[in-house]
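Worksheet: one structure, shown below.
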Amino acid sequence: MRFSSVFAALPAVLLTAVPAHAVDFSALLKQAFGSSDAKDLGGPIFVLIGLFTLLFFWGARRIGRKRQRRMIENYDSDIKDYSTRLRRGKS
């Protein structure tokens, strides 16, 4: 299984394993960030949004580079086949 599939399925598995009424968000926020007040959570939430944005664009860039490399390799192989056919006189 690919890492991205596991990464996408993990939140669904965790949310189905824990009943919704048993989650105490204020305690989780206090444990993670030290406070559950909205005014104190602006910085950490901003950092998390920035981190997710960075990870998204990094992944998109990796996918784009792989796709571009594949397209260049396919084009090179097509040109090589075509030039071989031209040299042999089978255009």
Side-chain angles (χ1 to χ4, degrees):
M1 186 182 290
R2 292 185 148 181
F3 178 72
S4 59
S5 301
V6 172
F7 187 68
L10 185 62
V13 170
L14 291 176
L15 288 175
T16 56
V18 177
H21 60 82
V23 177
D24 183 18
F25 287 110
S26 63
L28 289 174
L29 289 173
K30 283 181 185 177
Q31 185 178 6
F33 302 113
S35 175
S36 64
D37 293 335
K39 64 179 180 172
D40 297 331
L41 296 175
I45 289 174
F46 183 73
V47 169
L48 286 174
I49 291 171
L51 181 65
F52 284 130
T53 304
L54 183 71
L55 288 174
F56 173 77
F57 283 110
W58 174 74
R61 186 175 176 195
R62 280 190 66 202
I63 291 169
R65 281 185 176 177
K66 286 181 181 180
R67 183 174 180 262
Q68 184 179 23
R69 187 179 322 121
R70 219 178 356 200
M71 289 175 66
I72 290 171
E73 288 171 356
N74 288 338
Y75 179 76
D76 287 344
S77 67
D78 290 345
I79 292 295
K80 184 178 177 182
D81 291 341
Y82 182 68
S83 67
T84 303
R85 282 188 286 140
L86 280 178
R87 274 187 264 128
R88 292 182 183 164
K90 299 178 183 176
S91 57

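All figures in this text were calculated on a predicted structure; none of them were measured in a lab.
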inquiry  = As an exercise, state the distance from CG of Asp78 to OG of Ser83, rounded to the nearest 0.5 Å.
reply    = 11.0 Å
request  = Could you list all the side-chain hydrogen bond (donor to acceptor under 3.5 Å, both in side chains) pairs where at least one residue sits in residues 50-63, not counting sequence neighbours?
outcome  = none
remark   = Rounded to the nearest 0.5 Å, the CZ atom of Arg70 sits from the NZ atom of Lys66 at a distance of 8.5 Å
inquiry  = Restricting to side chain to side chain donor-acceptor pair (under 3.5 Å), what partner residues turn up for Ser26, sequence neighbours left out?
reply    = Asp24
note = d(Glu73 CD, Asp76 CG) to nearest 0.5 Å is 8.0 Å
message = If you compare all heavy atoms of Ser35 against all heavy atoms of Leu41, which two are closest, and at what distance to 0.1 Å?
response = O-CD2, 3.5 Å
message = What's the separation between atom CD1 in Ile72 and atom CZ in Arg67, rounded to the nearest 0.5 Å?
response = 11.5 Å
ask   = Say you draw a straight line from CG of Leu86 to CG of Asp81; how long is it, rounded to the nearest 0.5 Å?
value = 11.0 Å
